[in-house]
Chemist: 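My questions will all concern the structure given below.
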Amino acid sequence: MSYVLTLTCRECGRTYPPEAEHACAFCFGPLEATYDYDAMTGRVTREAIAAGPLDIWRYADLLPVEGHGPVSLGAGCTPLVRADRLAVEIGLGELWVKDDTRNPTGSFKDRVVSVALTKARELGFKVAACASTGNLANSVAAHAARAGMQSVVLIPSDLEQAKVLTTAVFGGKLLAVDGNYDDVNRLCAELASEYPDWAFVNVNVRPYYAEGSKTLAFEVAEQLGWELPDHVVAPIASGAQLTKIDKGFRELVRLGLVSPLAGHDAEDPAGPVRVSGAQADGCSPVAAAFASGADHVRPVKPSTIAKSLAIGNPADGWYALEVVRRTGGAIGSVSDAEILEGIRLLARTEGIFAETAGGVTIATLAKLAREGVIRDDERVVAYVTGNGLKTVEAFGDTAGPTATIRPRLEDVTAALDGHLTTAGTTTGPVAGAVAGTTTEQAS
Ligand SMILES: *Cc1c(COP(=O)(O)O)cnc(C)c1O
Ligand SMILES: [Zn+2]
């Protein structure tokens, strides 16, 4: 069953029935799902959640849908990885990476789309549509296929090839628009009034879509043994994900599923978890507003390799700013070169290959650690939200084989000379690997 009471305007507080609406008819403020927390208290329990499926639907009672037979490809329950090597490199203590590269279509968008299309189907929609920076496109096309719905997906025409291909293969309609995401989004808003019988994931069903990101908070708390982290870092595109991670942690405290951190009580506005945001320099309107202390987010024209985060006019930018300020976090931004270095750093320390958005998060994490905003006495979680296989072009020809050689022993020796440490830490594993190869070839 659903515990949702209403959609409530975030600006004026007017309430609406939980249908396909996203903006207040009076003030145009965004609508947000509000729940009957009193009815949930004591009924939504750790035990009930633990008995649920190993995907986001274990938290169905905390989501704005009925949840019978959800539209699901199994999003969620991704690994929370203790990242000690990365922590040492950037000077932190207890650091965890939430590895959302491992979702069905390779990004956290599977969480939000699964919720949005479940609600869309409950409301009787037959067509799923969206404007996308790439990952949403993949996920909508895939989940629509799963649900037996048609899909209409609009993307900027300059997206990474992998994101275009992995959307097209699902057989929906895919329209590449000559323009940037903000142009595509504007077009989608017009389409939404022209085609009211389509479920636009990020327009008329946006309040449901956005709630899916709360599962990023629920899972982290459950994976930490029903404890809160001190500080999390999340990337910002529209700002919805970061805002809902905070909402998720607040709900857990409110429902008594986790205790507030030491020194806080359940009512403390400064919490429950410090939330910091990450953007690319080439599209950093929320980081700029944070840095200047502005109380509104001024739109920008994006130019960055982090295309999944390239929203110049972020719908929830102001709310993200509010969360970060309230919880005592910060918002940093990083250059394209730092993004690539962030991807490499995570890959070589933890074996996780992130897309450019993950590079933004890791590079910003390192920067905020250097600045002392994120401290080494904090339990920190970094959200890595997309898979590196989708953005390989970002590396151009800067990543490739160490050398290309003839199949001869002396070529190997010559190629490895100077690339490996001759004594100490790496000798063991490297010698082992080489020996293993030799043995296989001999047998
Ligand atoms: C869409 C996206 C985000 C950010 O989402 P918002 O909720 O719009 O801020 C982060 N990471 C990846 C990989 C994405 O595709
Ligand atoms: Zn309103």
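The chain is numbered in sequence order, starting from 1. In listed order, ligands and their atoms are each counted from 1.
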Chemist: Indicate yes or no: does an N/O atom of Ser308 lie under 3.5 Å from an N/O atom of ligand 1?
Modeler: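 In fact, backbone or side chain, Ser308 has no N or O that close.
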
Chemist: Less than 3.5 Å between some nitrogen or oxygen of Tyr209 and one of ligand 1, yes or no?
Modeler: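 The answer is no, given that Tyr209 and ligand 1 share no N or O pair closer than 3.5 Å.
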
Chemist: Starting from atom 1 (C) of ligand 1, find the nearest protein heavy-atom neighbour and note its residue, name and distance.
Modeler: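 Of every protein heavy atom, Lys109 NZ, 1.3 Å lies nearest to atom 1 (C) of ligand 1.
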
Chemist: For atom 7 (O) of ligand 1, what's the nearest protein heavy atom and its distance?
Modeler: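 Residue, atom and distance for the closest contact: Gln241 N, 2.8 Å.
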
Chemist: Would you say Lys307's side chain and Glu160's backbone share a donor-acceptor pair under 3.5 angstrom?
Modeler: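 Not at all, since once roles are kept as given, no pair shorter than 3.5 Å links the two residues.
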
Chemist: Can you give the angle Cys12 SG - the Zn ion (ligand 2) - Cys9 SG, rounded to 10°?
Modeler: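 Angle SG(Cys12)-the Zn ion (ligand 2)-SG(Cys9): 110°, rounded to 10°.
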
Chemist: Applying salt bridge (charged side-chain N to carboxylate O under 4.0 Å, His left out), run through Glu219 and Arg111 and close with a yes or a no.
Modeler: CA-CA 12 Å; Glu219 281 177 25; Arg111 298 173 180 275; 2.8 Å; yes

Chemist: Considering only non-hydrogen protein atoms, determine which one is nearest to atom 4 (C) of ligand 1 and report residue, atom name and distance to 0.1 Å.
Modeler: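 The closest heavy atom on the protein side is Ala237 CB, 3.6 Å.
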
Chemist: Closest non-hydrogen protein atom to atom 6 (P) of ligand 1, residue and atom name please, with distance?
Modeler: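 Minimum-distance protein heavy atom for atom 6 (P) of ligand 1 reads Ser238 OG, 3.4 Å.
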
Chemist: If the cut-off is 4.0 Å to any non-hydrogen atom of Ala357, which atoms of ligand 1 fall inside it?
Modeler: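 Checking each atom against Ala357, I get 11 (N), 13 (C).
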
Chemist: State plainly whether the residues Arg186 and Asp182 are in salt-bridge range, i.e. N to O under 4.0 Å.
Modeler: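 No salt bridge links Arg186 with Asp182.
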
Chemist: To the closest 0.5 Å, what do you measure between OG1 (Thr243) and CD (Glu32)?
Modeler: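 Those atoms lie 9.0 Å apart.
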
Chemist: Where does Asn135 meet ligand 1, judged by heavy-atom distances below 4.0 Å: at the side chain, the backbone, both, or neither?
Modeler: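 For Asn135, the contact with ligand 1 is made by the side chain alone.
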
Chemist: Could you tell me the angle subtended at the Zn ion (ligand 2) by SG of Cys24 and SG of Cys27, rounded to 10°?
Modeler: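 Once rounded, the angle between the two atoms at the Zn ion (ligand 2) is 110°.
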
Chemist: Salt bridge check: are Arg43 and Asp61 linked by an N-O gap of less than 4.0 Å?
Modeler: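 No, this pair does not count.
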
Chemist: Within the structure, does Ile311 bring an N/O atom to less than 3.5 angstrom of an N/O atom in ligand 1?
Modeler: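 Such a contact does not occur with ligand 1.
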
Chemist: Distance only, no hydrogens: is a donor on one side chain within 3.5 Å (strictly under) of an acceptor on the other, for Tyr35 and Glu211?
Modeler: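 Tyr35 vs Glu211: donor-acceptor pair found between side chains.
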
Chemist: Among Arg206, Lys247, Arg10, find the one that has a salt bridge (Lys or Arg N to Asp or Glu O under 4.0 Å) with Asp316.
Modeler: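 With Asp316 as partner, salt bridge (Lys or Arg N to Asp or Glu O under 4.0 Å) holds for just one option, Arg206.
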
Chemist: How long is the gap from CG on Leu216 to CD1 on Ile56, to the nearest 0.5 Å?
Modeler: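 If I round to the nearest 0.5 Å, the distance is 9.5 Å.
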
Chemist: Using a 4.0 Å heavy-atom threshold (strictly under), name the region of Leu242 that reaches ligand 1: side chain, backbone, both or neither.
Modeler: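 For Leu242, no heavy atom sits under 4.0 Å from ligand 1.
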
Chemist: Which protein heavy atom lies closest to atom 11 (N) of ligand 1, and at what distance to 0.1 Å?
Modeler: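 For atom 11 (N) of ligand 1, the nearest protein heavy atom is Thr385 OG1, 2.6 Å.
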
Chemist: Would you please say whether a donor-acceptor pair under 3.5 Å links the side chains of Ser259 and Trp226?
Modeler: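 Side-chain D/A pair, Ser259 to Trp226: absent.
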
Chemist: Would you mind running through ligand 1 and noting each atom that sits below 4.0 Å from a heavy atom of Glu355?
Modeler: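 Numbered from 1, ligand 1 contributes 13 (C).
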
